[in-house]
Amino acid sequence: MSAGLVIVTGGSRGIGAAICRRLAADGYSVAVNYASDAASAQGLAAAIAAAGGRAGAFQADVADPAAVERLFDEAVAALGPLSGLVNCAGSIGAFAPMAEQDPAAIVRLFAVNAIGTMLCCKQAALRMSTLRGGRGGAVVNISSIAARLGGLPGIAPYAATKGAVESFTKAFANEVARQSIRVNAIAPGMIDTDMTDGFLSQPGARERIEAMTPLGRLGAPEEIAEAAAWLMSPAAGFVTGTVLTASGGR
Ligand code: NAP
């Protein structure tokens, strides 16, 4: 029997894909959301189904309110009822000093990373709140240690979007706690994915990050998926409004 549906935004690649695989293995039906990489999302959903799980791929730009509402409608119709949301969709933006940042790109970054998280939480509250006929559930927002450390040089707007995600996580958790919805965030350190490829391919970059990380290495997407699966599960039933740091000690 399914443990219920979890929608994973940005589920097609990287950390989100690892979370989709892990939640499917835990018995959840999984909606793999993507923005443009349909092949990766559909391939992942097919692989989950081939392994005996339940999954579907759903396109939506999380910065678009109408697209987000359609995502939730379509996912619930195909795989419902909803019992969880993982907000993983995100972009790091341009690496540039503030003086050279493009204003439109800053606005877009906030629209995806911060406002996208809020738009999805709105739709989740509408469907999971016990005050609105839902059966409760859990939300996991993917932040970053950049929210507190400032991040790599040149990504101040990205760090600020994640600060917004953490403030929102606490406020939303307070708001829906008595509606049987728990809300937490994970702040990963540097994880080996497409997002960090460009930076890590610069000479010496990987070694510099390893040297500043107490555990002496980068993280794997599966290690973040493990934390997400725990926060999603009933084992974390008394945990809400918190940020779990998974950064190798940074
Ligand atoms: P990634 O490999 O680049 O994957 C990004 C995912 O987000 C893809 O599935 C992408 O969809 C989706 N996405 C991007 N913009 C979207 C939009 N507007 N609407 C819907 N989906 C969108 O990135 P990642 O490294 O796994 O990062 C995932 C999350 O972890 C992000 O929130 C990131 O900020 C956070 N994080 C990452 C690290 C790290 O070191 N990698 C560290 C801390 C936090 P498509 O496949 O369609 O492009």
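None of these values were measured; they are calculated from a predicted model. In this chain, residues are counted from 1 in sequence order. Every number for a ligand or one of its atoms is a count from 1 in the order of the listing.
At least one N/O-N/O distance between Ile191 and ligand 1 falls below 3.5 Å. The shortest N or O to N or O distance between Met190 and ligand 1 is not under 3.5 Å. The shortest N or O to N or O distance between Lys162 and ligand 1 is below 3.5 Å. Residue Tyr34 has no N or O atom closer than 3.5 Å to an N or O atom of ligand 1.
Considering only non-hydrogen protein atoms, atom 37 (C) of ligand 1 sits nearest to Ile15 CD1, 3.6 Å. Taking atom 12 (C) of ligand 1 as the reference point, the nearest protein heavy-atom neighbour is Gly10 CA, 3.5 Å. Distance from atom 46 (O) of ligand 1 to its nearest protein heavy atom, with residue and atom name: Ser12 OG, 2.6 Å. Looking from atom 31 (C) of ligand 1 to the surrounding protein, the closest heavy atom is Cys88 O, 3.2 Å. Closest to atom 21 (N) of ligand 1 among all protein heavy atoms lies Ala89 CB, 3.4 Å. Protein heavy atom closest to atom 35 (C) of ligand 1, with residue, atom name and distance, is Ile142 CG2, 3.7 Å. In this structure, the protein non-hydrogen atom closest to atom 34 (O) of ligand 1 is Tyr158 OH, 2.6 Å. Among all protein heavy atoms, the one lying closest to atom 5 (C) of ligand 1 is Gly90 O, 3.9 Å.
Residue contact check: Asp194 has heavy atoms under 4.0 Å from atoms 2 (O) of ligand 1. Those atoms of ligand 1 that come under 4.0 Å of a heavy atom in Gly189, given as number and element, are 40 (O), 42 (C), 43 (C). In summary, the atoms of ligand 1 found under 4.0 Å from a heavy atom of Thr196, numbered by their order in the structure, are 39 (C), 40 (O), 41 (N). Atom numbering of ligand 1 starts at 1 in the shown order; those under 4.0 Å from a heavy atom of Asp37 are 45 (P), 46 (O), 47 (O). Of all the atoms in ligand 1, the ones that sit under 4.0 Å from a non-hydrogen atom of Arg108 are 18 (N). Those atoms of ligand 1 that come under 4.0 Å of a heavy atom in Gly14, given as number and element, are 2 (O), 26 (O).
Side-chain atoms of Asn184 come within 3.5 Å of backbone N or O of Gly241 as a donor-acceptor pair. A donor-acceptor pair under 3.5 Å is formed between the side chain of Thr240 and the backbone N or O of Val183. Checking side-chain atoms of Gln123 against main-chain N and O of Phe72 turns up no donor-acceptor pair under 3.5 Å. Judged by distance alone, with hydrogens and angles left aside, the side-chain atoms of Ser29 form no donor-acceptor pair with the main-chain N or O of Arg54 at under 3.5 Å. Although no hydrogens or angles enter the test, the distance criterion places no donor-acceptor pair under 3.5 Å between the side chain of Ser40 and the main chain of Asp37. Within the 3.5 Å criterion, the main-chain N or O of Tyr28 finds no donor-acceptor partner in the side chain of Asp26. Between the Glu166 side chain and the Ser143 main chain, no donor and acceptor come within less than 3.5 Å of each other. Proximity of a side-chain donor or acceptor of Lys162 to a complementary backbone N or O of Gly150 within less than 3.5 Å is not detected. Distance alone, capped at 3.5 Å, is enough to place a donor-acceptor pair between the Thr9 side chain and the Cys88 backbone. A donor-acceptor distance shorter than 3.5 angstrom exists from the side chain of Asn33 to the backbone of Ala60, with no hydrogens or angles considered.
Note on Arg108 versus Asp61: salt bridge recorded, some NZ/NE/NH1/NH2 to OD/OE distance being below 4.0 Å. With respect to the salt-bridge test (charged N to carboxylate O, under 4.0 angstrom), the residues Glu222 and Arg22 do not qualify.
For the pair Gly116 and ligand 1, no heavy-atom separation below 4.0 Å is found. Using 4.0 Å as the threshold, Ser36 has a heavy atom nearer than that to some atom of ligand 1. At a 4.0 Å cut-off, at least one heavy atom of Ser143 sits close enough to ligand 1 to count as contact.
Only the side chain of Asn33 comes within 4.0 Å of ligand 1, counting heavy atoms alone; its backbone N, CA, C and O stay farther away. Heavy atoms of Asp61 found under 4.0 angstrom from ligand 1 belong to the backbone as well as the side chain. Only the backbone of Ala60 comes within 4.0 Å of ligand 1, counting heavy atoms alone; no side-chain atom from C-beta on gets that close. Of the heavy atoms in Gln59, none comes closer than 4.0 Å to ligand 1. Using a 4.0 Å cut-off between heavy atoms, Thr193 contacts ligand 1 through its side chain alone, with no backbone atom that close. Contacts between Ala187 and ligand 1, counted as non-hydrogen atom pairs separated by less than 4.0 Å, are absent for every part of the residue.
When hydrophobic clusters are built by joining Ile, Leu, Val, Met, Phe, Trp and Tyr residues whose side-chain heavy atoms come closer than 4.5 Å, directly or via intermediates, Val165 is not grouped with Leu231.
Checked by atom type, the side-chain pair Thr130/Gln179 shows no donor-acceptor distance below 3.5 Å.
Within the structure, every pair that satisfies the side-chain hydrogen bond (donor to acceptor under 3.5 Å, both in side chains) test and touches residues 64-82, not counting sequence neighbours, is listed here: Asp73-Arg127. Within the structure, side-chain hydrogen bond (donor to acceptor under 3.5 Å, both in side chains) pairs that include any residue of residues 210-219 comprise Arg217-Glu223 (at least two apart or interchain).
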